[in-house]
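Notes follow the structure.
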Amino acid sequence: MSDYIVRAARSTDIADIHALLEPLVDQRILLGKDLAVLYGAVQEFVVAEADGVLIGCGALHVMWEDIGEVRTLLVRDDWLHHGVGRAIVEDLERRARELGLSRLFCLTFETEFFTRRGFAPIGEQIVDADVYSQLLRSGDAGVEEFLDLAHVKPNTLGNTRMLKHLN
């Protein structure tokens, strides 16, 4: 395997991110995202690239003053177990710290991977009532998953809600 780099995504990467995402959406591992949504969130994404080909991606979505979410983290099958996912998460954590975030949330089937990165399963209420009521107004599906709202539970069955405190 050749070397790879992790860099900020560009708008020209979105079609490739979408193509990487689709098989996992079909398997119901990740939630699908329309191209328009991906383009609108391009600044949240980092990509891993080897020889000019996208091999992975991940996004950091800010949810509140101190908390962000790792979203749409995926690595191409032939690049699994080569440190690509770890490198993407480390870059997202660096970006989170630069933004002043102190906690990162994820909703995942890959609990062992995230546990190795310092995440731990969480209970239902991890923000105070005032923040909770503000977040309810976001209309963002990921925030609704974070809040563990009843109407998103069919989409999240089998997933684990995890949190990491950044130092």
Side-chain angles (χ1 to χ4, degrees), residues 1-64 66-122 126 140-143 145-146 155-156 158-167:
M1 296 244 137
S2 63
D3 291 333
Y4 61 88
I5 61 164
V6 175
R7 61 168 174 79
R10 299 185 282 262
S11 60
T12 53
D13 295 320
I14 294 301
D16 291 333
I17 290 171
H18 190 259
L20 283 174
L21 183 58
E22 281 308 296
L24 297 172
V25 171
D26 293 343
Q27 297 170 46
R28 301 181 60 93
I29 293 171
L30 291 175
L31 292 176
K33 293 190 172 40
D34 292 326
L35 278 169
V37 172
L38 291 172
Y39 279 111
V42 67
Q43 71 281 357
E44 297 182 0
F45 276 88
V46 297
V47 295
E49 179 183 67
D51 298 323
V53 176
L54 248 55
I55 59 169
C57 67
L60 171 65
H61 180 76
V62 176
M63 294 174 17
W64 198 251
D66 65 334
I67 192 163
E69 179 184 7
V70 174
R71 292 184 171 181
T72 320
L73 178 66
L74 58 122
V75 176
R76 221 172 65 183
D77 284 348
D78 56 334
W79 279 88
L80 291 174
H81 310 293
H82 288 88
V84 177
R86 180 185 67 238
I88 291 170
V89 170
E90 287 172 355
D91 195 73
L92 295 174
E93 287 180 8
R94 178 188 58 76
R95 291 166 183 268
R97 286 184 187 94
E98 287 174 358
L99 291 170
L101 303 179
S102 59
R103 299 182 293 169
L104 279 180
F105 167 78
C106 71
L107 179 71
T108 185
F109 290 109
E110 301 296 333
T111 55
E112 289 182 23
F113 171 85
F114 280 99
T115 298
R116 289 192 305 270
R117 311 272 93 65
F119 286 75
I122 55 171
I126 65 164
D140 181 280
V143 171
E145 291 164 352
F146 167 73
N155 293 333
T156 62
N159 278 292
T160 300
R161 299 166 69 246
M162 301 184 81
L163 190 73
K164 178 176 183 172
H165 293 272
L166 301 172
N167 21 345

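All values derive from a computational prediction rather than experimental measurement.
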With Arg76, the side chain to side chain contact (heavy atoms under 4.5 Å, CB included) member among Val84, Leu54, Val53: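 Between Arg76 and the candidates, side chain to side chain contact (heavy atoms under 4.5 Å, CB included) is satisfied uniquely by Val53.
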
Can you confirm whether [X] sits close enough to [Y] that some side-chain heavy atom of one is under 4.5 Å from a side-chain heavy atom of the other?
| X | Y | value |
| --- | --- | --- |
| Val70 | Phe119 | yes |
| Tyr4 | Val75 | no |
| Leu73 | Phe113 | yes |
| Leu104 | Leu92 | no |

Within this structure, what is the [atom1]-[atom2] distance for the pair [X] and [Y], rounded to the nearest 0.5 Å?
| X | Y | atom1 | atom2 | result |
| --- | --- | --- | --- | --- |
| Ile29 | Leu21 | CD1 | CG | 11.0 Å |
| Arg97 | Leu166 | CZ | CG | 5.0 Å |
| Thr72 | His18 | OG1 | NE2 | 11.0 Å |
| Leu101 | Glu93 | CG | CD | 11.0 Å |
| Leu74 | Ile88 | CG | CD1 | 7.5 Å |

Residue pair Pro121 / Thr160: nearest heavy atoms and the distance that separates them: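 So the minimum-distance heavy-atom pair works out to CB-CG2, 4.1 Å.
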
Residue pair Met162 / Thr115: nearest heavy atoms and the distance that separates them: CE-OG1, 3.4 Å

All side chain to side chain donor-acceptor pair (under 3.5 Å) counterparts of Arg117, not counting sequence neighbours: none

Within 6.0 angstrom of Asp26 CG, more than 12 heavy atoms from elsewhere: yes

Glu112 CD: over 12 foreign heavy atoms closer than 6.0 Å: no

Salt bridge Glu98-Arg94, side-chain N to carboxylate O under 4.0 Å: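 Arg94 and Glu98: salt-bridged.
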
For residues 37-46, which side-chain donor-acceptor pairs fall under 3.5 Å, sequence neighbours excluded?
| residue | atom | partner | partner atom | Å |
| --- | --- | --- | --- | --- |
| Gln43 | NE2 | Gly40 | O | 3.4 |
| Glu44 | OE1 | His61 | ND1 | 3.4 |
| Glu44 | OE2 | His61 | ND1 | 2.9 |

Review item, side-chain donor-acceptor pairs of residues 6-14, under 3.5 Å, at least two apart:
| residue | atom | partner | partner atom | Å |
| --- | --- | --- | --- | --- |
| Arg7 | NH1 | Asp13 | OD2 | 2.8 |
| Arg7 | NH2 | Asp13 | OD1 | 3.0 |
| Arg7 | NH2 | Asp13 | OD2 | 3.3 |
| Arg7 | NH2 | Glu49 | OE2 | 3.1 |
| Asp13 | OD2 | Arg10 | N | 2.8 |

Donor-acceptor pair, side chain of His82 and main chain of Leu80, under 3.5 angstrom: yes

